Amino acid sequence: MCKARTEESALERGMTLIAEWALMEQDFYIDAVLYAVVASGLYQALQRGAKREDLDRLQGNLTISWQSLLSILKDLGYIRQLADRWYWASVSLPARRIHRMDMMRRWLNLAVNYSPAELTLCIQSSEDDRLRESSLPINTYVLKYVPISQPMRWMDVGGGSGTLALTLATSGVEVTMVDTPYTIARVAKRLQHPQIRLWAGDILQSLPDGRFDVISLIRLIENFPVETTLLLLKRLRRASHESTRLVLVTTDADLDLWAQLFGIEVQLTTHQGRLYSLRLLKILATKAGWRIKQVHHVDLFCITILEPIPVLKLSRRRRAIPAHSKIQSTKVPQLL
């Protein structure tokens, strides 16, 4: 019984990590959608012309509604509707996509053919490679809009693979990378650098010592509901000074197709996560004591740079109000 539960949890973790591969690649999003279309039997039905009752029968093979999936396929230009049927309107699936979908199928088969330990090891290795490769362009964008200066103290919250921390450290920046104990243990050997300090723990409970010039949260807040994100922004305000820059890299909820695809993934993998529009970020930032300084849209990402809202300092001396400036009392007429 215990062994069965262990294997089941390893399988669930494996599926989650495989789903997370799609975080930053447009092509992978499309491949994942097409894989679902083929594996569920929807592709074959659309080639013949699928009626509503045909799609209802296939719903049990999908984790999202077939209506949502058809909406995505329509936006991608793969299907069209004639009368009461939906048809596959595009050319046959190209060989490259079939190959990538076959790669996904083989990874999924690992859950059956390998032990939980082997499965976890294989997926972790691939996940680390994917995170390192996919984070490089994002790091380039971040450093373009937040140039490095000397001296500089930088806190990277949810640093993951540590590619940004390593890039900053080699440029002479003092970096504190914050993440869970599990993640920190995995990257500790690779991030041994005199300019890098690894901090493991829950940042909602405690903060690293000192104040920082830059605080970055790259693809992080999408894992949290609104209440948690607001609390996080409030906590980070305590680690800032008057010229601190808070850098958020997110997927803009106002984007159409890619936000829709990423939104599905967020719901499947984080359960409580969500996408944030620029309007919602502005509201949360203001409540937490930040204000938006710059916004940059690059590829699928929104890079939002915030600065602390200055705290007005009241004079310690209370000045006497001159007699002539005192407010005269007036009778307010009673309103019926």
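Predicted model only: the values in this text are computed from it and were never measured.
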Notebook entry, point to check: Is it the case that one hydrophobic cluster holds both Ile148 and Ile218, taking links as side-chain heavy atoms less than 4.5 Å apart, direct or via other members?
Noted result: yes

hydrophobic_cluster_shared for Ile292 and Val226, side chain cutoff 4.5 Å
yes

Any donor-acceptor pair under 3.5 Å from [X] side chain to [Y] backbone:
X: Gln150; Y: Ser171; answer: yes
X: Thr167; Y: Thr163; answer: yes
X: Asp75; Y: Ile72; answer: no
X: Arg211; Y: Arg238; answer: yes
X: Asp156; Y: Ala165; answer: no
X: Gln294; Y: Ile305; answer: no
X: Asp179; Y: Gly159; answer: yes
X: Thr286; Y: Lys282; answer: yes
X: Arg237; Y: Gly289; answer: yes

Check your understanding: Out of Asp56, Val37, Leu73, Leu58, which one pairs with Trp66 under the side-chain contact (heavy atoms from CB on, under 4.5 Å) rule?
Key ->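 The residue from Asp56, Val37, Leu73, Leu58 that satisfies side-chain contact (heavy atoms from CB on, under 4.5 Å) with Trp66 turns out to be Asp56.
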
Query raised in the report: Per the side-chain contact (heavy atoms from CB on, under 4.5 Å) rule, which among Val249, Thr250, Leu236 passes with Leu217?
Result: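 Checked Val249, Thr250, Leu236 against Leu217; only one passes side-chain contact (heavy atoms from CB on, under 4.5 Å): Leu236.
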
### Message
Just to verify, what does His296 make a ring-ring contact (aromatic ring centres under 6.0 Å, His included) with, not counting sequence neighbours?
### Response
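Partners of His296 under the ring-ring contact (aromatic ring centres under 6.0 Å, His included) test: Tyr145.
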
Q.
Between the side chains of Arg57 and Asp54, is the shortest nitrogen-to-carboxylate-oxygen separation below 4.0 Å, so that they form an ion pair?
A. yes

Between Arg245 and Glu307, does any NZ, NE, NH1 or NH2 come within less than 4.0 Å of an OD or OE carboxylate oxygen?
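Salt bridge: yes.
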
To check you understand the geometry: which heavy-atom pair defines the closest contact between [X] and [Y], and what is its length?
X: Ile221; Y: Leu232; value: CG2-CD2, 4.5 Å
X: Ser216; Y: Leu164; value: OG-CD2, 3.9 Å
X: Lys234; Y: Lys287; value: CE-O, 3.9 Å
X: Trp290; Y: Ser240; value: CH2-CB, 3.7 Å
X: Cys302; Y: Val295; value: SG-CG1, 3.8 Å
X: Asp213; Y: Arg153; value: OD2-N, 2.6 Å

**Request:** Start with the C-alpha distance between Ile283 and Tyr276, add both sets of side-chain angles, then the distance that settles side chain to side chain contact (heavy atoms under 4.5 Å, CB included), and finish with yes or no.
**Result:** CA-CA 11 Å; Ile283 293 172; Tyr276 288 82; over 6 Å; no

Going by atom types alone, do [X] and [Y] pair a side-chain donor with an acceptor below 3.5 Å?
X: Arg186; Y: Thr183; result: no
X: Arg219; Y: Thr251; result: yes
X: Ser65; Y: Ser68; result: yes

Run Leu143 and Leu168 through side chain to side chain contact (heavy atoms under 4.5 Å, CB included) and show every step you take.
CA-CA 9 Å; Leu143 296 179; Leu168 292 169; 3.7 Å; yes

| request: Begin from the C-alpha positions of Arg80 and Arg85 and carry the test side chain to side chain contact (heavy atoms under 4.5 Å, CB included) through to its verdict. | output: CA-CA 9 Å; Arg80 59 194 173 101; Arg85 290 178 180 265; over 6 Å; no

Mind checking the [atom1]-[atom2] spacing from [X] to [Y]? Nearest 0.5 Å is all I need.
X: Met155; Y: Leu207; atom1: CE; atom2: CG; value: 6.0 Å
X: Leu284; Y: Leu230; atom1: CG; atom2: CG; value: 5.5 Å
X: Asn61; Y: Gln59; atom1: CG; atom2: CD; value: 9.0 Å
X: Arg48; Y: Trp86; atom1: CZ; atom2: CH2; value: 15.0 Å
X: Leu42; Y: Leu62; atom1: CG; atom2: CG; value: 6.5 Å
X: Leu233; Y: Leu306; atom1: CG; atom2: CG; value: 7.5 Å

**Asked** Could you walk me through whether Leu70 and Leu55 pass the side chain to side chain contact (heavy atoms under 4.5 Å, CB included) check?
**Response** CA-CA 10 Å; Leu70 289 191; Leu55 300 171; 3.6 Å; yes

Aromatic ring centroids of Phe212 and Trp154 under 6.0 Å?
no

